[in-house]
Amino acid sequence: MKRRLPLPLLAAGMGLALVLVSLASLRTGTSDLDGLGRSARGVAAWLGLASPLPGAEQTIVELRLFRVLVGLGVGAALSLSGALLQGVFRNDLASPSILGISSGAALGASMAILVLGGYGPRVLTDAAAAYAPAAVSLSAFAGATLVLILVTLLGSSGGRVSVPTLLLVGIALNAACGGLLTAIQSFVLEDFEIARAMMSWTFGTIDDRAAWHAGAVWAALLVSALVIPFVALELDLFAGGEEDARALGVHTQRTKLLALGAAALCASVAVAVAGQIVFVGLLVPHILRQISGRSHRSLLPLCLLGGPLFLVGTDLVQRLAFADAYLQPGVTMSLVGGPFFLYLLLRNRAQIQAW
Amino acid sequence: MVNALEAQGLAFAWPDESAPEGTAARRAVDGIDLSLAHGELACVIGPNGAGKSTLLRLLAGLCAPDSGRVWIEGDEVMRLAPRERARRVALVPQGLETLPQVTVETFTLGGRYGHLGRFGQARHEDHAAVRSALAEADAADFGKRLLAQLSGGQRQRVLLARALAQEARVLLVDEPTNSLDPEHQLTVFDLLARLCRESRAGLVVTHDLNLAAQYATRVLLLQAGRVVADGAPEVVLTREVLAPVYGDVLAFGEGGLGGIGRYVLPRRR
């Protein structure tokens with residue numbers, strides 16, 4: 001057995017790193033507002049504890065603050081969601097994006113953008129315009145939820161979820177959503193503004209977020225994290241199969257419901273708030289399992305630290321290293337995540353063939 | 001004194017999509033009544049597909065019967081809270097759907113789930129129960145190894161150890177000696193016999209008629225989802241009872257175990 005770091009030490013180290021990364025991220029940006037002191041004063045002002053910074057500086061600090069807050073929340077939500085799904089499906093390759101949550105959200109978001117852009121019936125465009133900033137996110141949330149429900153329904157029979165079927169159904173629905181998405185995009189290709197908005201949404205971004213974005217994702221995260229104590233030990237016992245867990249005294253139906261519900265909630269809100277940021281939910285739990293072992297009692301809480309650290313950290317590194325060529329975090333994740341996913345597949349080839 | 005295990009009119013059919021419209025699928029378990037007292041070690045025998053494993057699942061409360069009811073120590077099994085059920089009845093399956101990537105000790109600790117508090121950290125007594133269970137199943141030597149690193153027979157003993165760690169008074173065991181060497185076959189049955197003498201109740205599915213003859217206090221013969229014979233080994237394990245069910249493949253040796261015959265498979269001509 002590999003020697004592992006004691007859990008409290010690991011958690012403390014990750015917590016410290018998280019604070020440092022967040023602070024560094026708070027003072028890094030395209031505008032030349034530097035100095036932690038000024039950023040701190042801006043944050044204090046936003047909280048109503050100090051007078052605002054002069055001119056645009058206050059706005060810049062607030063934008064950076066929400067950027068960091070959304071980044072942290074989204075990173076944690078996606079990782080937690082991935083870890084929960086992997087536990088329920090007893091498969092390290094399950095993730096929110098494979099289950100179609102992201103493509104469903106993309107479809108929902110594109111439809112909202114389409115309607116906001118003046119396409120579709122008048123009633124709808126008026127309604128959307130009234131809730132303009134939230135319309136895209138709400139529609140993305142609805143799309144994610146719908147596709148997830150569809151995947152779960154089609155991928156299970158008689159109340160039992162079959163892993164291979166579920167993954168295949170997920171792939172098929174991903175493709176179907178992708179097809180619809182392309183159709184919508186090609187339909188509005190001439191309309192430069194709308195096509196651009198759709199495209200940039202699929203990149204996944206934490207720029208230009210408002211307080212409510214951060215609030216939504218943190219609220220969803222909080223609710224989802226509350227299930228951890230009720231499912232962690234139980235998911236460990238799922239490892240030998242659902243019926244085996246039931247024989248040991250696990251309330252399997254409740255465990256599945258709580259874990260799937262929490263996973264769906266935090267992933268769909270995260271995607272609704274920040275667009276498609278893929279692979280976080282796959283990568284972070286996998287890395288954490290290597291460090292701290294397979295037990296969900298350490299894995300799930302650590303995801304709340306590791307996810308944000310990974311997302312905000314990679315984003316920070318990317319911005320510091322290539323200041324002139326800024327990539328949205330969704331793009332960075334795809335660049336890192338694709339090859340890593342391939343590596344995972346190859347490493348687990350035997351396990352996959354055993355399905 | 002209330003019976004350890006009681007079943008009345010148990011029936012269960014697997015959903016069968018190949019069955020023609022309107023016809024009922026053949027029942028895996030078709031009207032079984034059963035009662036088992038503490039102190040009994042009953043062996044369940046019968047041909048493949050007779051419903052032995054399905055019977056165990058029903059008795060363990062893992063699936064609801066189509067009709068009939070099961071009581072564990074006086075309470076209906078489907079109404080027990082899952083943890084309470086796990087404290088009363090332990091099932092040793094033939095194998096697992098997937099192999100958990102954990103050490104033998106961690107895996108065996110899973111048997112303590114019913115005893116842990118709501119957010120329970122394993123306490124001293126849980127670890128003690130795991131240690132003694134592993135020792136009893138002769139699995140203590142590989143406690144630190146991963147399940148995947150064990151042989152089939154070692155894994156089977158670990159499954160038994162986990163059930164022992166549950167400290168349930170009703171033990172349901174599905175073919176525990178399948179991949180065991182002769183010595184461990186005896187070890188496992190010695191252990192089961194001792195546990196049952198010390199006030200537990202055991203129901204063990206096996207294809208090994210010799211072990212059943214040697215250890216069982218009672219033998220149940222299943223055929224097509226029904227109990228066709230139920231009684232002492234020397235009553236059930238006879239040519240007259242077995243031949244109609246198994247056909248003429250069994251050869252009965254003479255002498256052997258306390259007057260009961262030995263059963264061997266003859267060479268097919």
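The figures here come from the full heavy-atom set of this structure, side chains too, leaving out hydrogens, waters and symmetry mates.
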Could you tell me whether A:Arg294 and A:Asp92 have a side-chain N and a carboxylate O separated by less than 4.0 Å? yes

Pairing of B:Lys144 and B:Glu105 as salt bridge, 4.0 angstrom limit: yes

Under 4.5 Å heavy-atom distance to chain A, tell me which part of B:Arg162 shows up: side chain, backbone, both or neither. side chain

Exercise: do B:Thr106 and B:Thr103 side chains pair donor with acceptor under 3.5 Å: yes

Counting only non-hydrogen atoms closer than 4.5 Å, does A:Leu248 touch chain B with its backbone (N, CA, C, O), its side chain (CB onward), both, or neither?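 It is both, since atoms from each part get that close.
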
With side chains defined as the heavy atoms from C-beta onward, is the minimum distance between A:Phe89 and A:Leu260 less than 4.5 Å?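 SC-SC contact between A:Phe89 and A:Leu260 confirmed.
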
Do you know which of [options] has the most heavy-atom pairs with chain A at a distance under 4.5 angstrom?
options	answer
B:Gly95, B:Ala86, B:Pro100	B:Pro100
B:Gly114, B:Ala163, B:Gly110	B:Gly110
B:Leu91, B:Val102, B:Thr98	B:Thr98

Under 3.5 Å, side-chain donor or acceptor atoms of residues 6-14 of chain A against the rest of the protein: list the pairs with distances, not counting sequence neighbours.
none

